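Take a look at the structure set out below.
Computed from a predicted structure; not experimentally measured.
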Amino acid sequence: LVFSEPGILAQLLESIEADIAKQGTDVSTEKGRKALKSLAFGIAKRKTAIDAAGKALNADLRKKIDVTDKVRREAWDKLEALQLRAKKPADDWDAAEKDKQDKITAIRTLLYTAAQIPADMTLEAVAETLELLERVEIDPALFGDLTDAAEKERTVARMSLKMARTRIEKAEADRIE
């Protein structure tokens, strides 16, 4: 009752205080000392009983909490797995799109770099770069709307390399003369 009905504990405490006041504090006789010890023992028994009842109540509540926590954990784990399963196609698409963009960027960077002719470029380097440009595949399935732009970039790179080759050949011919 102490845990379920408000005010019961207050009534119990008032009753015990009244018993203590009624008992008095006569320690001059053996009977008075025994009565005080007996009263204290009775209070200890009530204290122990209330504590034991509280622990038992907590144990019952803890079992309910444990059941709730088990269901919560199971729900969390299963819902998280379902969340990941639901999101997986979008994540896969994002990963494929990023891979596609990375490939496009790598090829366009190569085309741009090939058009940048260093002053000390050799005929061998020009030939290797031209050969590399021919091997680069500009796949419309990959490039989509950027296919024409990439082909123009390849054309610009080819023209730059061919002009560089002509310039280098002329410079070597002039040196020989």
Can you tell me how far CG of Leu82 sits from CD of Glu80, rounded to the nearest 0.5 angstrom? 10.5 Å
Does this structure show an ion pair linking Arg62 with Asp66, if we count only N-O contacts that are shorter than 4.0 Å? no
What are the two closest heavy atoms between Ala115 and Val156, and how far apart are they? CB-CG1, 4.3 Å
Enumerate the residue pairs fulfilling side chain to side chain donor-acceptor pair (under 3.5 Å) with a member in residues 6-23, sequence neighbours excluded, ordered by first and then second residue. none
Starting from Trp76, can I reach Val71 by hopping between I/L/V/M/F/W/Y residues whose side chains sit under 4.5 Å apart? no
Residue pair Lys45 / Phe41, side-chain heavy-atom distance below 4.5 Å: yes
Share the residues that join Tyr112 in a hydrophobic cluster, the rule being Ile, Leu, Val, Met, Phe, Trp or Tyr side chains under 4.5 Å apart at the heavy-atom level. none
Could you list who else is in Ile104's hydrophobic cluster, with ILVMFWY side chains joined at under 4.5 Å, directly or through other members? Ile107, Leu110, Leu111, Ile117, Met121, Leu123, Val126, Leu130, Leu132, Leu133, Val136, Ile138, Leu142, Phe143, Leu146, Leu161, Ile168
Partner residues of Thr122 under the side-chain hydrogen bond (donor to acceptor under 3.5 Å, both in side chains) criterion, sequence neighbours left out: Glu124
Hey, mind stepping through Asp69 and Arg72 against side-chain contact (heavy atoms from CB on, under 4.5 Å) and telling me if it holds? CA-CA 5 Å; Asp69 281 349; Arg72 253 186 54 244; 2.6 Å; yes
Across all chains, not counting sequence neighbours, the side-chain contact (heavy atoms from CB on, under 4.5 Å) partners of Thr29 are Asp26, Lys31
Across all chains, not counting sequence neighbours, the salt bridge (charged side-chain N to carboxylate O under 4.0 Å, His left out) partners of Asp60 are none
With sequence neighbours left out, what residues match Lys47 under salt bridge (charged side-chain N to carboxylate O under 4.0 Å, His left out)? none
Between CD of Gln83 and NZ of Lys88, what distance do you get to the nearest 0.5 Å? 14.5 Å
Salt-bridged, Glu131 to Arg135, with N to O below 4.0 Å? yes
Please determine whether the number of non-hydrogen atoms from other residues, nucleotides or ligands lying under 6.0 Å from atom NZ of Lys100 exceeds 12. yes
Remaining members of hydrophobic cluster (4.5 Å side-chain criterion), Val27: Leu36
Pairing residues for Arg165 by the salt bridge (charged side-chain N to carboxylate O under 4.0 Å, His left out) criterion, not counting sequence neighbours: none
Heavy atoms of Pro6 and Ser4 approach each other most closely as CD-O, 3.8 Å
Side-chain hydrophobic cluster, 4.5 Å single linkage: members besides Trp93: none
For Lys34, does its backbone N or O pair with a side-chain atom of Ser38 as donor and acceptor, under 3.5 Å? no
Any side-chain heavy atom of Glu151 within less than 4.5 Å of one from Asp148? no
Partner residues of Asp77 under the salt bridge (charged side-chain N to carboxylate O under 4.0 Å, His left out) criterion, sequence neighbours left out: none
Might you point out which heavy atoms bring Ala149 and Arg108 nearest each other, and give the distance in Å? CB-NH2, 4.0 Å
Not counting sequence neighbours, which residues clear side-chain contact (heavy atoms from CB on, under 4.5 Å) with Leu57? List them please. Phe3, Leu61
